[in-house]
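Reviewing the structure listed below.
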Number of protein chains: 2
Amino acid sequence: MPSTIKDVAARAGVSLATVSRYINGTGKLRPATAERVNAAIAELGFRPNAVGRSLSTSHTKSLGVVIPSLSNPVFSDAVSGINEAARAEGYRLMFTSTEYNRAEEVEAVSSLLEYRVDGLILTVADAEEAPALDLLEAAGVPYTLLYNQSGRSARPAVTIDNVAAGREVAQHLLALGHQRLGMVSGSFSASDRAMARRDGFTAEIVARGFPAPRVLEVDFVNSEVEEALVLLMRDRDTAPTALFCSNDLLAISVIGALERIGLNVPEDVSVLGFDGIAIGTHLHPTLTTVVQPSRDMGQTATRQLLACLQGGSDPDTMILPYRLQIGESVGPAAKPSPTGPSELNQTK
Amino acid sequence: MPSTIKDVAARAGVSLATVSRYINGTGKLRPATAERVNAAIAELGFRPNAVGRSLSTSHTKSLGVVIPSLSNPVFSDAVSGINEAARAEGYRLMFTSTEYNRAEEVEAVSSLLEYRVDGLILTVADAEEAPALDLLEAAGVPYTLLYNQSGRSARPAVTIDNVAAGREVAQHLLALGHQRLGMVSGSFSASDRAMARRDGFTAEIVARGFPAPRVLEVDFVNSEVEEALVLLMRDRDTAPTALFCSNDLLAISVIGALERIGLNVPEDVSVLGFDGIAIGTHLHPTLTTVVQPSRDMGQTATRQLLACLQGGSDPDTMILPYRLQIGESVGPAAKPSPTGPSELNQTK
DNA sequence: TTTAACAATGTAAACGTTTACATTCTGAGA
DNA sequence: TCTCAGAATGTAAACGTTTACATTGTTAAA
């Protein structure tokens, strides 16, 4: 059993309170007393017990982190940012993932509340309908959402304006002469962000007098992207000349699939992603994508949560800037092929 | 302040111990008593305090997880596996990353020891020289390494045989007629795995009577891959016809860079990766790579650590199987070009 | 009806640390 | 030298829960 503050006190010939004052730097100590305590700590290999401290102070100096998955680097990057900012303030992270499942969200929050984390940073499937957030609010535990659209629920979130980003994507593609646009997205029910991106994208296109984009909702994990694209791109004369993907992993997957069915990116079809994950700049073609500042978002969410925990105001919604990063995967609209039905149509 | 067991006891008209027995399912309770306790819990919105429980039982039911970075999906996948196995046993994860820095490793372990995590799962830069592991052993806290080579230190690890994998990569490439091999790796001082892969790769090539491979050690984050490759591939008659990369992110990066300098993969140069991250199967060309079972490794490490915590034997080294997954990024050795210095040589 | 054995429940101390309040020590000023 | 104010340190209870041991209740058998 590791040494406790009692052992240190006994060894140094002082009281528990004196050792506590030394460890925490609270209150003055005579140099000789401090030296004796320090020596006792070293001799005993004492290490403060955060559990005892948590009980007596009612603060654990830990933050709960709940995200859908670590498989998407956009969440990994954010957790890195959270970790940095938390560490800087002496906080630890208690972590869990939910695999986009609402019941898992509730279970995760429940458990973190049992561990008495001081606050939480989390991404839920839908900020509007989140029993997990209801639980947090009922418990009075501060939290900040990450990436979620705060929408009409006015729940505090660090995010970007996904609707505006979707619109800007549409503007960019239309400006390049693309008139037949498509979108490939993950599940809308699992991501209010994907919904917002689609909504902005579609609204802009329709407002500009173009036909609404074809929207493909795919299960990225189950690798049905290629099949879906074969159908979408079957008729080159009516197929989209540009595809907006709801995240970068999907965009990368779409590019691979397009090339496999004989289409060149961006010559035959342009592809535009979302998130700005690092690998996108190392590929060929490099990815044109909407970059959200994931690491900054993680840091910002953490800082404002910690500010709240340290007596500041409640967390609020913060919209950070995104930027459209031009890569090689988007080019001018392809000119119509001079021949009739495309070579693709003839492929078995 | 949330309700405590005292409040529940008062409300139900029973003792603290009775409420504790109800919560934990230890000891028998009359149905009427159980019902009164249950009603009191519901009325008060009581939620057990894991901090109090941890202090009195000396167990936190949490595991510390220390990994270099979440930026590489191989770690994210492993953490997903750890999370699954831990959750199944009612454990939480306390998480931190070290960015491949030994001082950070020590600080991370130190802090997790303060929080009294029951055990740790971690990846360190070098299992042979790890002050963080010295600290854990001195504290008597069980741990399992993940991915690290256990080598002569005999520290418990869940890993694969990286040396054997390196050899098998060499065999595979030599069997395809490649005679001039190269390796692109991340920093060896930050990854004993990368060292082991190089050692196996090199040993096999030399044993087969071929010249030792050219080894490029690059800083993937600082995007110097392309510059390095231009130099390596300058003279097509002497340049490697296949490159082994120490991880998949690097391999993907190398493919992009090769294509950008005008070389086709695998026609002009083959590229083989390591890890088996999911995105590798969605690219064009799909990645030929050594797949380690990251999620399984995470689960296995967790299970054996938990078995130890629950009275079983100490964690041991477990070597899980890897497999060489054939993709499209490796092909037969390119036949020498019929002309003199390559076009590449003339590019400014 | 009484007794005894077992079930059910209560009591109280401990886990490690913090900290309000109390006590002792020290040094400066009268 | 004495006194007083502030410095330094000690005391003890509390934080929430667990659990060994004690006590009370209940039921069946004699």
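Reckoned from all heavy atoms, side chains included, excluding hydrogens, waters and symmetry mates. Below, chain A is the first sequence line, B the second, and so on; all start at residue 1.
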Review point. Which pairs count as ring-ring contact (aromatic ring centres under 6.0 Å, His included) when at least one residue sits in residues 5-30 of chain B, sequence neighbours excluded?
Key: none
Review point. Who are the side-chain hydrogen bond (donor to acceptor under 3.5 Å, both in side chains) partners of B:R102, not counting sequence neighbours?
Key: none
Review point. What residues form a side-chain hydrogen bond (donor to acceptor under 3.5 Å, both in side chains) with A:R53, not counting sequence neighbours?
Key: B:E114
Review point. To the nearest Å, how far apart are A:K28 NZ and C:dC25 C1'?
Key: 14 Å
Check your understanding: When you check every protein heavy atom under 4.0 Å of nucleotides 13-21 of chain C, what one-letter string (B, S, -) results, 5' to 3'?
Key -> --BBBBBB-
Study note, to complete from the structure: Those residues at least two apart in sequence (or on a different chain) that pass side-chain hydrogen bond (donor to acceptor under 3.5 Å, both in side chains) with B:R36 are none
Review point. Which residues pass the side chain to side chain contact (heavy atoms under 4.5 Å, CB included) test with A:T60, sequence neighbours left out?
Key: A:S54, A:S62, A:R116, A:D118, B:V51
Review point. Given that both pair distances must be under 3.5 Å and the pair must be Watson-Crick or G-U, what runs of three or more consecutive pairs involve DNA chain C?
Key: C:1-30 with D:1-30
Exercise for review: Assign A:S54 to base, sugar-phosphate, or nothing according to its heavy-atom contacts below 4.0 angstrom with the strands shown.
Suggested key: nothing
Review point. Got a sec, which residues hit side chain to side chain contact (heavy atoms under 4.5 Å, CB included) with A:A86, two or more places apart in sequence or on another chain?
Key: A:L63, A:Y91, A:L93, A:T302
Sort me out a list of protein N/O and nucleotides 26-28 of chain D N/O pairs below 3.5 Å, or just none if empty.
none

Practice item. Taking side chain to side chain contact (heavy atoms under 4.5 Å, CB included) as the test, write out the residues that go with A:R155, two or more places apart. Key: A:A130, A:L133, A:D134, A:E137, A:Y143, A:L145, A:S153
Check your understanding: Do B:R47 and A:L135 have side chains that get closer than 4.5 Å, going by heavy atoms?
Key -> yes
Review point. Which pairs, with at least one residue in residues 34-83 of chain A and sequence neighbours excluded, count as a ring-ring contact (aromatic ring centres under 6.0 Å, His included)?
Key: A:F75-A:Y147
Review point. Sequence neighbours excluded, which residues qualify as side-chain hydrogen bond (donor to acceptor under 3.5 Å, both in side chains) partners of B:N148?
Key: B:D192
